[in-house]
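Pasting in a structure now, in structure tokens, and then I'll have a few things to ask.
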Amino acid sequence: MSGESCSGWYDECHVNSKRNQLGEDLARMLKGGVIMDVVTAKQAKLAERAGACSVMALERVPSDIRKEGGVARMSDPQLIREIQDAVSIPVMAKVRIGHAAEAKILEELGVDFIDESEVLTPADPFDHIDKRKFKIPFVCGATNLGEALRRVQEGAAMIRTKGEAGTGNVIEAVRHLKLIKREIAELKKMKPEELKAYASAERVEVALVKRVREEGRLPVVTFVAGGVATPADAALLMDIGAEGVFVGSGIFKSKDPRRFAEAIVKATVHYKDLKVVTKVSTGLGAAMPGLEISGLPIKMQERGW
Amino acid sequence: MTVGVLAFHGDFAEHIQILEDLNVKSKEVRSLQDLAVVHRLIIPGGESTVISQFLFASGVAEEIRRRVREENFPVYGTCAGAILLAKRVTGKNPPRALGLMDMTVNRNAYGTQRESFEATLKIPGEKTPLSVAFIRAPVIERVGPRVEVLASHKGHPVLVQEGSLLAGTFHPEVRADKRIHELFLSL
């Protein structure tokens, strides 16, 4: 990447001052792994033993947030501390979109990654958090390439699809991952003036768009999230090009959380090996109950912009 | 020569990229069959708890041990890989390790991501220092008499060698510095 022109802030020349390089590095270490939502220290230990590469500490899993309604906020720091004490793997926690004060609390707690998440009720109708001001890296959701690039420009060190959290329905995660891939492929066909127009329409720096076109991928590690409920769902998304998987309600809302956790980890690692995916899918018992997307009163993926 | 990169989880793609840049043939290793065709092995960064489970469940762990014992099989471990090479692992919830190098490694000894850092390191035979990243890194607390310390940072060994085994607590691969890989290939 060296030798490129230094037109925008987002290029290699300014790399160390503008990007959360260490956060992007941590995201690389998580690749090929499964990040699991947990609501207690006991669940966190179960997740770690089952092979999770990280846990997301929160008070309610998305399917319960959906059911119970009300305003969903950052978890109580006490709960996050208990989970940090219980495990040795990285601990993530969620803040509301645009809620920099919640993020500062999580930084003070020393979580390893902050998820600025549409699963919680948004706090700022205008802006996402300026993530460049934090040492703790952020992961953010996206439904398409433009949204992903806006988050990267704001300093996100990792991107995940939004999918549709708490539904156990994988279609939206597939949609978002495929859209991002297709839009990157379309960038390759664009002429320089079209690239400029695209960057301007999506409110991102041209240098960032050029980099994505050159590398044929997002500049940060890209996981999938939202609706993953079975080992086969994880294998499907890895095969489409996900670099790892977030599982929210899919584990602890299943009949047998320990077996589901182990099975989803194995299917993610060995997604190319049909024998393994078949074996871990066999006799698993009931997955979490699923929801049809068209019947949802609230679509979490529409939060954020 | 084919260099295997253990590819259960972690930043194995970054190691493969460096090997490609060095024009060295590489192979992702996830099974005994994969391991059988490689002449050297890199254990990447990632979560040692995750990598350990797959290492032992697949039988790859036992075969690595046998080849190191009988054939001086060269293995390079970075971060999680260094933990897995150690005889003794301390810290919270330590994973089962291969126990091949006479050293004690404390997992996540620096703390959480807040304590991750970049540093420049002097290594023997290199004029310009390496610029590397320590990501939730472990600390090598003790090394045995047969272990040679190749680089240190703030009083702790960070790059060590014992025969055909090389362990580093930092990541040269995420900064695309090829020199530690070249060193490994020369063992």
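Protein chains get the first letters and strands the later ones, always in sequence-line order, with residue 1 at the start of each. What's counted below: heavy atoms across the whole structure, side chains too, no hydrogens, waters or symmetry copies. This is a predicted model, so every value here is computed, not measured.
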Pick from Ala27(A), Gly23(A), Ala50(A): which one has the most heavy-atom pairs with chain B under 4.5 Å? Ala50(A)
Which pairs, with at least one residue in residues 144-161 of chain B and sequence neighbours excluded, count as a side chain to side chain donor-acceptor pair (under 3.5 Å)? Arg146(B)-Glu162(B)
Which atoms of Glu262(A) approach chain B - backbone, side chain, both or neither, heavy atom under 4.5 Å: neither
Relative to chain B, which of Lys31(A), Met29(A), Lys266(A), Glu243(A) shows the most heavy atom pairs under 4.5 Å? Met29(A)
Under 4.5 Å from any heavy atom of chain A - which part of Asn108(B): side chain
Please look at Asp273(A) and chain B and tell me whether the side chain, the backbone, both or neither of the residue comes under 4.5 angstrom of a heavy atom of that chain. neither
Tell me every residue that passes side-chain contact (heavy atoms from CB on, under 4.5 Å) with Ser52(B), counting only those two or more places apart in sequence or in another chain. Phe56(B), Leu84(B), Pro95(B), Arg96(B)
Where does Arg30(B) contact chain A at under 4.5 Å (heavy atoms): side chain, backbone, both or neither? both
Side chains of Gln17(B) and Asp21(B): any donor to acceptor distance under 3.5 Å? yes
Electrostatic pair Glu71(B)-Arg66(B), nearest N-O below 4.0 angstrom: yes
Which atoms of Val221(A) approach chain B - backbone, side chain, both or neither, heavy atom under 4.5 Å: neither
Please check if the side chain of Asp177(B) supplies one atom and the backbone of Pro172(B) the other of a donor-acceptor pair under 3.5 Å. no
Interchain contact, Ile136(A) with chain B, by part (heavy-atom threshold 4.5 Å): side chain
Under 3.5 Å, side chain of Glu116(A) to main-chain N/O of Phe138(A), donor-acceptor pair present? no
For Leu177(A) and Leu237(A) the tightest heavy-atom approach is CD2-O, 3.7 Å
Turns out that what part of Arg107(B) lies under 4.5 Å from chain A's heavy atoms comes down to side chain
Are side-chain N/O atoms of Arg67(B) and Ser164(B) paired as donor and acceptor at under 3.5 Å? no
Among Pro90(A), Gly32(A), Gly33(A), the residue with the most heavy-atom pairs under 4.5 Å to chain B is Pro90(A)
Which bit of His9(B) comes within less than 4.5 Å of chain A, counting heavy atoms only: side chain, backbone, both or neither? both
Okay, Phe54(B) and chain A: the region with an atom under 4.5 Å from a heavy atom over there is side chain
